[in-house]
S.K.: 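This is the structure, below, for whatever I ask next.
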Amino acid sequence: MVKYSPQKIEKKWQKYWEAKKFYVTKDKVAGKENKMLLTEFAYPSGNLHIGHWYAFSLPDIKARYLRMKGYNVLYPTGFDAFGLPAENAAIKHNIHPEKWTKQNIAYMTRQLKSMGTMFDWSRKVSTIDPDYYAWTQWMFIEFYKKGLAYRAITNVNWCPNDKTVLANEQVVDGKCDRCKSEVTQKELAQWMFKITEFKDELIDGLKNLDWQETAKLGQINWVGRSQGATIKFQIPNYKSQINPNHQNSKSKNEFVEVFTTRPDTIFGATAIVISPEIAQKWLSIGWQASSEVKSYVKKSLAKRELEREEAKEKTGIDAGIFAVNPINNQKIPVWVADYVLGHYGTGAVMFVPAHDQRDFEFAKKYNLPVKEVVLPEFGQKKPNAIFRDSVAAIVTRSSDDKILLVLNKKNNEWAIPGGGRDSNDDDVTTLTREVKEETGYTDFEIKEYLGQISTNFFASARNVERTKFQKAYHVILKNENSIPLKPDAHEDMELHWMNAQESIKKLDSNTSISYESEFVKRFLQPSLVCFSGNGVLVNSGKFDGMDSQLAKKKIVEELKSKGVGNFQKTYRLRDWILSRQRYWGVPIPMIHCPACGYVPVSQKELPVKLPPLKDFKPADDGRSPLAKATKWLNVTCPTCKGPAQRETDTMDTFVDSSWYFMRYTDPKNKKAFASKEKMKQWLPVFSYLGGAEHTTMHLLYARFFAKALHKLGYVNASEPFLNRRNRGIILGPDNQKMSKSRGNVVDPDQEVKKYGADAVRMYLAFMGPYLHGGPWNPGGITGVYRFLNRVWNFVHTYDVKVKPSSVAASALNNYTHKIGIDIGDLSFNTGVSNLMKLLNEIESHHLSKQQYETFLKLLAPFAPHVAEELWQSVLKNKKSIHLQTWPVFDKTLVGSEKLWIMVQVNGKVRDKLEVAGGVSQKDVEKMAEESAKIKPWIEGKQVRKIIFVPNKLINIVI
RNA sequence: GCUCCCGUGGUGGAAUUGGUAUACACGCAUGUCUUAGGAACAUGUCCCGCAAGGGGUAGAGGUUCGAGUCCUCUCGGGAGCACCA
């Protein structure tokens, strides 16, 4: 027998498969359903790393499996070849980006082929191919014609190192996604895609997709839809104060408009806060603000350009003007503050410190009034409840900071001191009286206000349902001087000092619940005094007693009837800035004419080819390198035929990758980016496997493209990816991210040299769940290498004369089922372990030819080379194993097998019984009762209940 | 700070979705064979106990005949968002 040496067989079969064109996928095969299994195409960085193997060779297992299951499977690949690294490498090594990129593509193609995947190379797509980017440009012009691409001056993210604009999605923690340098802000005219056109569809379309929740959530958060209202606050004397030149007094500019998600808190608005951007706008139309205000605005805008500091201390200044709250006509001051953002909502907010954390902090800092209008509500409100208004105290003593609780010995209930208000007494009077009465202490000081809550409960002493509004204060005991308690009312009361945690436990242990632990929590964490949840309204005129949800609606309706408010949704998502001031990208196919403005290149003249440039380095002035290609630059205007110039910016590479999967369906088409017919055959993509880092960029952009092209009538699917899974990341042996500087990089080529591609694929499959990833264990691969050796030796025991083994027949049948499910679920790790279990069970038996064949078919998706070798050279088959169908699982074989039934007594396993499948409860009961191991447990005891799970267990409860 | 996910042997990880916890591997130990190799094979490998048995899935409680799995809290780790009104 020859020794298993993968190096000798793998190249041979790769060549064989390529020569026989096994993996060239037809668009249509009679009787077979099409499925496109998609993985994110690679950036040609120059070298394949282990992550590429994980990304491509594991989905290949599923692609091969589906193929064997009878589907017409397209498993395509290509290269996402434009982009910055090529330029940077080119500058570093003094080589042209195009040459560098093409060399890498050639090298990586060879590496990719060494994986033994069923990639259909005949459909390879490369974004730098003019036949490809002609269509990228064509789409841009289509979008431009329909208003989905436009040019605008905006504040952009500028990377000073890469010298180009970045999309919001490409800025991470204020740093460039690629080079990690600090991103600055710049005003520039840029080309944009109107992705906000689809803001609702981008959220709502997710509903019916089979994606991981985390990926859906990432998209939802990114679009950031919030439901709320816009409300106009009138500014009296607007004309004289803000805009002296303003003629039309009825204009909406007499107002400052705010956006809020909490219109129910409008009675609690104690100011209006506008962003520095709005203030700047007002100044530009004639607002005569104080010099302090002017300098504040200037300073905070400058600060924004320098990007957010680490110190996020909120600052602001009183603007010196007033606005009128439309709900109650109250005059409130207007402030300017940097924590209000110019680009979100209306750029102004109503200031409700009692119910917004940020406003609360700001109010504390600048000592602004806090007005509570929504109380948290505990317990269920009863219609017949009797109302009670009360005040309570968290009493502490300075000696040890312990808290005073009162124990009612009659009913064993704990409380903090306090009680009901008499007629018109104020908080201080009530609190002073109650604390004295209940504790006897006389010298104390009322400190901080801890807020008010509403509680609903049954007062058993009085036998009534009660709704209690309760205000609490922190009270510090100065000394322990006390007077005797009134014997009649308080003889059952006992005072206890304890720490805060203990007191929370005691208060929560009450049976008739009082919810007073809430005040202890607020005392411990003062930020909780600001209640930002929903609750019951107070101090809100006719809306008092309403719950927040209803009040939101009613209040906006009221404002709407006055013409000063409306329901409104606001989004975090902003349009996609696609201009890049770099060389190595797709030229934006526009011509700028001094007379006609921007005019698109005729779609017949596409592609606008990237001009060959020797000096492609970016300039500091923000002008794209393409401006240096003078011959290319100067053209005649398509409209007026006058002299004009081409747009010199190139497109963000995310544009290229937003539609590559459509091109796979029809990669050679010269008349369209893909024919409708072929897209219909393959789209939407059956399953898309890729990296988690693309959740908020690539996936969002690709969905935008699909939706836009669908809207324009070119694509059948408005959602491109039905199923999406983010795979995990392979870490170094030290459980850290692989990096050259750490020296923990695993080189796949080296591993292939040692163990072969089959072992590398199989080990990656075996090491853990595909969606988790994990550390590469150098010893781990020897496990699957040993397994493949055993498989090799096992199949070599084949002898024509041997009859089928019954043990193997049953095992093969079972594992056919299990392994199929594993692959379908991307549970490659259990798939491999099931193959190992199967071999453990059948290894010592001799099998018939057909049984060996079945075994190899189960192995084929995981280890395509060794399976093919054994299939053809040992079992002497002429037709490739990769043209075979998956073994058929025979259900009827399963039920008749012997199996173990667990016998439990009171849920504890005491014995197990070997029985035939499908055995009845009665029989099992009898066997269990007769069992010597069970008898001692149940003897002389009353059996209360028997639980029987067919073919699994019986539980005798005594 | 908010949201989501995750804590199982020395290690990677299984557990048919509420029904034998630690499958399958790695590693380790002992042994066999062998002209030392990055072998192969056999046996063992959660803890206490001679055993019967008991304990055990980060910790504490709960629901259930039965909990790694469901619920509540605490601790620890990771990811995303982060002045988004």
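Below, chains carry the letters A, B, ... as their sequence lines are ordered, and counting in each starts from 1. Values reported hereafter were calculated over all heavy atoms of this structure, with side chains retained and with hydrogens, waters and symmetry mates removed. Because the structure is predicted, anything quoted here is derived from the model rather than measured.
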S.K.: Taking any heavy-atom pair under 4.0 Å as a contact, classify A/Asn834: base, sugar-phosphate, or nothing.
M.R.: nothing

S.K.: Taking any heavy-atom pair under 4.0 Å as a contact, classify A/Arg910: base, sugar-phosphate, or nothing.
M.R.: sugar-phosphate

S.K.: For the atom pair CG (A/Asn534) and OG1 (A/Thr265), what is the distance rounded to the nearest 0.5 Å?
M.R.: 10.5 Å

S.K.: Can you tell me the Watson-Crick or wobble partner of B/A51, both distances under 3.5 angstrom?
M.R.: none

S.K.: Hey, is NZ on A/Lys365 packed in by over 12 heavy atoms from elsewhere, all under 6.0 Å?
M.R.: yes

S.K.: Scan A/Met836 against the nucleic acid and name what it touches under 4.0 Å (heavy atoms): base, sugar-phosphate only, or nothing.
M.R.: sugar-phosphate

S.K.: Do A/Tyr755 and A/Tyr763 make the cut of ring centroids closer than 6.0 angstrom?
M.R.: no

S.K.: From the options B/A23, B/G19, B/A21, select the nucleotide whose nearest atom is closest to the side chain of A/Leu953.
M.R.: B/G19

S.K.: Does B/G44 pair with anything, Watson-Crick or G-U wobble, both distances under 3.5 Å, and if so, with which nucleotide?
M.R.: B/C28

S.K.: Which of the following nucleotides, B/A25, B/C4, B/G13, is nearest to the side chain of A/Asn829?
M.R.: B/G13

S.K.: Mind checking the P distance from B/G76 to B/A25? Whole angstroms is fine.
M.R.: 38 Å

S.K.: Taking syn as any angle within 90 degrees of 0 and anti as the rest, which one fits B/G49?
M.R.: anti

S.K.: Identify which nucleotide among B/C4, B/A15, B/C24 has an atom closest to any side-chain atom of A/Leu217, counting heavy atoms from C-beta outward.
M.R.: B/C4

